[in-house]
**Student:** 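Questions regarding the structure given below will be posed in turn.
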Protein chains: 2
Amino acid sequence: MQKDNNISDLQLAVMRVLWRRGEAAVAEVHGDLEPERGLAPTTIATILSRLERRGLVRHSSRGRQYLYAPVISEQEIRRSMVAALTSRLFNGDATALVSHLLESRDIAPGDLEKVRQLLSESHETETDHADS
Amino acid sequence: MQKDNNISDLQLAVMRVLWRRGEAAVAEVHGDLEPERGLAPTTIATILSRLERRGLVRHSSRGRQYLYAPVISEQEIRRSMVAALTSRLFNGDATALVSHLLESRDIAPGDLEKVRQLLSESHETETDHADS
DNA sequence: TATGTAGTATTACGTCTGTAGTTGAAACCG
DNA sequence: CGGTTTCAACTACAGACGTAATACTACATA
């Protein structure tokens, strides 16, 4: 059972900047998010500190500034957050989640073909079951 | 854009009791959750009040007791929570979520067949596209 | 009627998050 | 060298949540 990497919307937005840039100073993160979020730079700094406290990012120094870099990948965040939701809402049954997506029409009928496509691709890798 | 019905784990557990029983007094909810959670009755009462404040449950009176009943269905909660996650993690693209499930092997290879099954069922309803 | 009892209402406290002001130190500029 | 700018660190505060103790109220019962 891995850590609880569930993060909030804002935190996710910040992480996304780091994932995109590799590493970034507070001012850069702020610059990227300012247009859509309009937050104070100190707010961003606070978020970054908290993320660091939680071990999701780390920092190094460049002159006076801190350069923050992600410690966890977007893949991993997705995994743990999707897993958490699946576990909580569908008792851990991912197929139930898919079923829900289909029933609730979150997946538009037009996208069914796309899903079917994914399915068959996934099928290929099934043969090399490297059951890690 | 509907309300933000994102609820916590405990709140969800309480809701589940209400969904199962239709309506229930604090003591009943507590009784159901006590074994696994071991919480004080007042804690359950607090949770229920807060859920009521958020409009997710309502109550009527039976003698001295309050009978709480869900105002929102499990379907709806699932919808909004899954939608929130999809929006946040996959930019609202539900097929990307499915893709993630397949890639991350959250869906075991053995379950692929089940998913394919779901797909074809869903396909049937596709013909009566009542595009609501 | 006085009292126990059951059950709701109020209050409380620590933690997390969003959001930011304030402070202090270093660096740069004139 | 002294003022100004730039950062990070610290402090703050409200709202949500987990968790519950305590207070209040009304019914039942001796």
Side-chain angles (χ1 to χ4, degrees), chain A residues 3-18 23-69 77 80-81 84-85 88, chain B residues 3-18 21 23-69 72 77 80-81 84-85 88:
Chain A
K3 292 179 299 295
D4 170 29
N5 289 325
N6 232 312
I7 64 178
S8 74
D9 209 54
L10 175 55
Q11 290 173 163
L12 191 58
V14 169
M15 288 303 292
R16 251 194 277 273
V17 173
L18 298 188
E23 64 178 6
V26 174
E28 292 165 338
V29 177
H30 176 249
D32 281 14
L33 296 181
E34 215 291 316
E36 47 202 279
R37 301 254 175 184
L39 293 173
T42 51
T43 299
I44 302 297
T46 301
I47 301 293
L48 283 166
S49 302
R50 290 175 180 172
L51 285 173
E52 181 160 44
R53 178 152 45 87
R54 291 185 50 183
L56 301 186
V57 310
R58 61 175 177 63
H59 82 267
S60 54
S61 291
R62 178 181 59 183
R64 310 297 109 231
Q65 291 182 138
Y66 276 6
L67 287 185
Y68 285 92
I77 284 280
S80 61
M81 289 184 67
L85 195 82
R88 287 179 39 188
Chain B
K3 292 179 298 294
D4 170 29
N5 290 324
N6 233 311
I7 64 179
S8 74
D9 210 53
L10 175 56
Q11 291 174 164
L12 190 59
V14 169
M15 288 303 291
R16 253 195 275 272
V17 173
L18 297 187
R21 307 183 77 131
E23 63 179 5
V26 174
E28 292 165 338
V29 176
H30 175 250
D32 282 13
L33 297 181
E34 215 292 317
E36 47 202 276
R37 301 254 175 182
L39 293 172
T42 51
T43 301
I44 303 297
T46 301
I47 302 293
L48 283 166
S49 302
R50 289 176 181 170
L51 285 174
E52 182 160 43
R53 177 153 44 90
R54 290 185 51 182
L56 300 186
V57 309
R58 61 175 176 65
H59 82 268
S60 53
S61 292
R62 178 182 59 183
R64 313 295 111 233
Q65 291 183 136
Y66 277 6
L67 287 185
Y68 284 92
I72 187 174
I77 284 280
S80 62
M81 289 183 68
L85 195 83
R88 289 178 36 189

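Everything numeric here is computed off the predicted structure, so don't read it as measured data. Only this structure's heavy atoms are used, side chains among them; waters, hydrogens and symmetry mates stay out. Chain A is the first sequence line, chain B the second, and so forth, proteins listed ahead of strands; every chain is numbered from 1.
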**Student:** Tell me the closest heavy-atom pair linking B/V29 and B/A24, and the distance in Å.
**Tutor:**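 Heavy atoms only, the tightest pair is CG2-CB, 3.9 Å.
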**Student:** Quick check for you: to the nearest 0.5 Å, what is the distance between B/Q11 atom CD and B/R54 atom CZ?
**Tutor:**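 One finds 5.5 Å between CD of B/Q11 and CZ of B/R54.
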**Student:** Can you tell me which residue pairs pass the salt bridge (Lys or Arg N to Asp or Glu O under 4.0 Å) test with a partner in residues 31-50 of chain B, sequence neighbours excluded?
**Tutor:**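 Pairs touching residues 31-50 of chain B that pass the test: B/D9-B/R37, B/R20-B/D32, B/R21-B/D32.
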**Student:** What pairs of donor and acceptor atoms, side-chain ones from residues 57-66 of chain A against any protein atom, are under 3.5 angstrom apart with sequence neighbours left out?
**Tutor:**
{"unit_1": "A/H59", "atom_1": "ND1", "unit_2": "A/E52", "atom_2": "OE1", "d": "3.0"}
{"unit_1": "A/H59", "atom_1": "ND1", "unit_2": "A/E52", "atom_2": "OE2", "d": "2.7"}

**Student:** Give the first and the last nucleotide of DNA chain D, reading 5' to 3', that has any atom under 4.0 Å from a heavy atom of chain A.
**Tutor:**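 For DNA chain D, the relevant span reads D/dC7 to D/dA12.
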**Student:** Check the pair B/E28, B/V17 against side chain to side chain contact (heavy atoms under 4.5 Å, CB included), reporting the backbone distance first and the verdict last.
**Tutor:** CA-CA 9 Å; B/E28 292 165 338; B/V17 173; over 6 Å; no
**Student:** Grab the two heavy atoms, one from B/L67 and one from B/A25, that are nearest each other, plus how far apart they are.
**Tutor:**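 Looking at all heavy atoms of both residues, the closest pair is CD2-N, 3.7 Å.
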**Student:** Tell me, for nucleotides 12-19 of chain C in 5' to 3' order, what letter each nucleotide earns: B for a base near a protein heavy atom under 4.0 Å, S for only sugar-phosphate near one, - for neither?
**Tutor:** B----BBB
**Student:** What are the two closest heavy atoms between A/P41 and A/V26, and how far apart are they?
**Tutor:**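 Looking at all heavy atoms of both residues, the shortest contact is O-CG1, 3.8 Å.
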**Student:** For the pair made of OH in B/Y66 and P in C/dT8, what is the distance, rounded to whole Å?
**Tutor:**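 Value for this atom pair: 7 Å.
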**Student:** To the nearest 0.5 angstrom, please state how far the CD1 atom of A/I77 sits from the CD1 atom of A/I7.
**Tutor:**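 Those atoms lie 4.0 Å apart.
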**Student:** How would you list all residue pairs meeting ring pair (Phe, Tyr, Trp, His ring centres under 6.0 Å) that involve residues 27-51 of chain B, not counting sequence neighbours?
**Tutor:**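 Found none.
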**Student:** B/T42: what forms a side-chain contact (heavy atoms from CB on, under 4.5 Å) with it, not counting sequence neighbours?
**Tutor:**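 Scan of B/T42 (side-chain contact (heavy atoms from CB on, under 4.5 Å), adjacent residues dropped) gives B/A40.
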**Student:** With 3.5 Å as the limit, what N/O pairs link the protein to nucleotides 25-27 of chain C?
**Tutor:**
{"unit_1": "C/dA27", "atom_1": "OP1", "unit_2": "A/R64", "atom_2": "NH2", "d": "3.2"}
{"unit_1": "C/dA27", "atom_1": "O5'", "unit_2": "A/R64", "atom_2": "NE", "d": "3.2"}

**Student:** The helix from C/dT1-D/dA30 to C/dG30-D/dC1: angle between its terminal axes, five pairs each, to 10°?
**Tutor:**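 About 30° separates the two local helix axes.
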**Student:** Shortest non-hydrogen contact from A/A69 to A/L18?
**Tutor:**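 Scanning both residues, the minimum pair turns out to be C-CD1, 4.2 Å.
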**Student:** May I have the step-by-step check of side chain to side chain contact (heavy atoms under 4.5 Å, CB included) for B/L39 and B/L33, ending in yes or no?
**Tutor:** CA-CA 8 Å; B/L39 293 172; B/L33 297 181; 5.9 Å; no
